[in-house]
Amino acid sequence: MRLESKVSIVTGGASGMGAAESVLFASEGSHVVVADMRIEDGMEIVDEIKSSGGNATFMELDVTDEKRWSVVVADVLSQFGTIDVLVNNAGLSGSYQSDIMSLEAYDRLMNVNSRGVFLGMRSVLPAMCESGSGSIVNISSISGIVGQSYVHMGYNASKGAVRIMTKSAAVQYAENGIRVNSVHPGIMPPMVTSVGTADPETRKIMLEDVPMNRVGLVGEVANAVLFLASDEASYITGAELPVDGGLTAR
Amino acid sequence: MGDGMSSNGIGRLTGKVALVTGAGSRSEIIGNGQAAALLFAQQGCKVVLVDFEEENLSRTLRKISDQGGEASFYVGDVSNALDCQKMVELAVNTYGHLNILHNNVGVGGSGTVLEVEPEQWDHIMAVNVKSMMLTSKYAIPEIALSGGGTVINISSISAIRPRGLTPYTVSKGAVIALTKAMAVDHAAEKVRVNCILPGPIFSSMTSVNMSDEVRELRRRSSPMGIEGSPMDIANAALYLASDESRWVTGISLVVDGGVSLMSPQR
């Protein structure tokens with residue numbers, strides 16, 4: 001198994017890509033901490049994992065809440081002794097508000113998508129440094145690489161921040177044996193928080209940019225995250241891995 | 001699975017057929033193509049090994065049969081169109097279909113444009129770029145006929161971090177452009193095309209005449225302070241070859257221990 005006996009934290013693990021990552025990680029032998037604000041959905045994923053013979057625990061987490069991060073990290077360490085993998089997957093859709101020039105939306109997108117990722121890394125790095133190893137996978141987006149007509153530019157800014165923050169963290173913590181990489185999903189099914197990009201007409205326009213001419217599946221992103229999290233990627237750090245059906249190649 | 005997730009366990013390439021160029025090794029030190037061929041075979045793939053020297057191939061073939069894998073070989077020159085056509089025919093005639101083309105062949109090339117001889121420039125472009133066009137030209141229709149599959153090209157971080165290897169840098173930059181262009185051209189036929197940018201790894205190609213001092217300098221150029229191995233490149237190739245990456249096309253995957261994130265003295 002590709003994550004045998006590793007302890008992983010997946011933020012936003014209760015739904016969408018995060019849930020797919022949690023289920024896949026567990027099936028590869030990891031003990032998965034599903035960390036999310038959505039308690040019921042998170043518990044359901046944990047039950048699903050357990051019923052198929054995997055190991056998982058739910059912990060309530062708002063990624064913007066510094067104190068909750070401390071509690072979650074302390075709990076994981078006291079219960080499982082180590083943190084091998086962190087997947088910073090939690091994020092807010094670039095169209096959660098229909099007004100894509102809203103200042104309030106800009107602040108919120110940066111707070112959740114960018115500051116939340118920073119807080120996650122900052123919270124687990126001391127434990128990873130102590131053990132001398134670790135793998136962090138940050139979920140950015142194609143929105144961190146190219147501009148788009150249909151999402152808030154604050155979303156692009158927040159995902160661009162994740163992309164470059166990943167490279168800085170990779171450089172700063174390489175000597176501690178910690179790898180940090182980013183995954184860049186393309187046009188995916190609408191997120192729980194999507195409004196504008198859930199509109200069928202907008203989705204038609206979005207798909208025109210994809211050479212493979214279809215949306216991605218959450219499991220396809222999870223496969224990329226698994227590869228980077230595992231020891232197969234032991235010489236890969238600071239890399240960006242688009243999973244986008246060819247969108248950014250064009 | 002309906003959600004696109006990989007199936008668990010071994011045999012990540014079971015039922016697939018791969019053509020791996022540059023699959024030989026000129027010494028007992030493992031090469032990129034050889035490492036990929038071994039890993040692909042371990043994962044249940046039938047592999048056609050291509051190299052220009054039979055002796056180089058025999059080392060790889062022996063290792064694959066030792067581990068119980070299935071492989072055939074073709075001795076030929078990938079910068080020659082007829083050889084490329086024949087190696088694809090061999091794969092299809094032997095195993096019935098073709099799913100994966102892994103282009104590993106490459107030569108080094110140092111110097112500035114003031115120093116490089118035009119003939120040397122042409123040779124490097126022929127071996128490093130034209131070869132990938134030629135193998136793809138014959139392999140892509142067969143991959144499409146087999147229901148889709150993947151082409152994996154080896155570029156280099158030299159393409160994004162030049163350092164006195166100008167012909168090599170230019171050829172590897174062309175590999176990235178060729179990868180993206182083919183990805184866009186053939187997405188509709190379900191042929192995915194991606195490339196890997198290896199950093200300073202220690203392989204049968206790079207180890208030739210390398211002093212211990214240079215090897216140590218290369219190791220330290222990674223912020224992780226570890227030396228890359230052809231197995232690291234092979235693991236990336238396995239991800240790109242398997243259906244786990246079935247929505248991934250046109251990407252340049254850097255496998256370099258973080259070397260290209262900074263520009264340390266090397």
Side-chain angles (χ1 to χ4, degrees), chain A residues 1-2 19-21 23-24 27-29 166-168 170-181 183-188 210-224 226-228 230-250, chain B residues 1-10 12 39 176 179-188 190 192-194 196-199 201 222-229 231-236 238-240 242-262:
Chain A
M1 288 207 263
R2 294 162 69 185
E21 289 147 11
V23 170
L24 183 62
S27 76
E28 292 291 348
T166 298
K167 295 184 196 301
S168 266
V171 170
Q172 290 169 16
Y173 290 90
E175 64 180 3
N176 303 96
I178 299 160
R179 300 182 297 102
V180 192
N181 294 288
V183 171
H184 301 256
I187 310 301
M188 301 296 295
V210 185
M212 287 178 73
N213 197 30
R214 66 169 175 90
V215 295
L217 302 170
V218 289
E220 293 170 335
V221 175
N223 289 334
L226 168 64
F227 168 63
L228 291 172
S230 78
D231 292 340
E232 288 160 38
S234 56
Y235 195 53
I236 302 183
T237 194
E240 50 190 89
L241 204 170
V243 183
D244 68 356
L247 188 145
T248 53
R250 179 138 80 186
Chain B
M1 273 196 235
D3 56 7
M5 231 180 279
S6 68
S7 61
N8 198 356
I10 52 163
R12 289 161 66 187
L39 188 60
I176 297 176
T179 298
K180 291 186 179 193
M182 293 197 301
V184 171
D185 290 342
H186 303 289
K190 299 198 188 313
R192 301 184 293 105
V193 188
N194 295 291
I196 299 171
L197 280 61
I201 63 157
S222 155
M224 297 180 78
I226 59 172
E227 177 180 67
S229 131
M231 281 315 293
D232 295 308
I233 310 306
N235 278 322
L238 171 61
Y239 167 68
L240 292 172
S242 78
D243 291 341
E244 288 159 38
S245 62
R246 64 186 201 173
W247 204 46
V248 177
T249 194
I251 77 161
S252 304
L253 181 57
V254 177
V255 184
D256 72 344
V259 170
S260 62
L261 297 174
M262 332 182 289

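Reminder, nothing fancy here: chain letters follow the sequence lines and each chain counts from 1.
The NZ atom of A:K167 sits 13.5 Å away from the CE atom of B:M262 when rounded to the nearest 0.5 Å. To the nearest 0.5 Å, atom CE of residue A:M212 and atom NZ of residue B:K190 are 7.0 Å apart.
Within the 4.5 angstrom heavy-atom criterion, atoms from both the backbone and the side chain of A:D244 approach chain B. Only the side chain of B:L253 comes within contact range of chain A, with heavy atoms under 4.5 Å apart. Interface residue A:R179: only side-chain heavy atoms are found under 4.5 Å from chain B. Neither the backbone nor the side chain of A:A233 comes within contact range of chain B, judged by heavy atoms closer than 4.5 Å. In this structure, no portion of A:V221 lies under 4.5 Å from any heavy atom of chain B.
Ion pairing of B:E244 with A:R2 is present here, as a side-chain N (NZ or NE/NH1/NH2) and a carboxylate O approach within less than 4.0 Å.
By the 4.5 Å heavy-atom criterion applied to side chains, A:N223 and B:R246 are not counted as neighbours. For the pair A:F227/B:L240, no side-chain contact is recorded, criterion being any heavy-atom separation below 4.5 Å from C-beta on. With a 4.5 Å cut-off on side-chain heavy atoms, A:S234 and B:D232 count as touching.
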Checklist entry - Run the salt bridge (charged side-chain N to carboxylate O under 4.0 Å, His left out) check on A:E220 and B:R192 step by step: do they pass? => result CA-CA 14 Å; A:E220 293 170 335; B:R192 301 184 293 105; over 6 Å; no
Item to check | Residue pair B:Y239, A:L228: steps toward the side chain to side chain contact (heavy atoms under 4.5 Å, CB included) verdict | outcome: CA-CA 10 Å; B:Y239 167 68; A:L228 291 172; over 6 Å; no
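When every heavy atom of B:I226 is checked against every heavy atom of A:Y235, the shortest pair comes out as O-CE1, 3.3 Å. The nearest pair of heavy atoms linking B:L261 to A:A170 is CD1-CB, 3.7 Å.
Taking B:A236, B:A183, B:S245 one by one and counting their heavy-atom pairs under 4.5 Å with chain A, the maximum is reached by B:A236. Counting heavy-atom pairs closer than 4.5 Å to chain B, the top-ranked of the candidates A:T248, A:L241, A:N176 is A:L241. Highest contact tally toward chain A, considering only B:G250, B:S242, B:G258, B:G257, is held by B:G257 [criterion: heavy-atom pairs under 4.5 Å].
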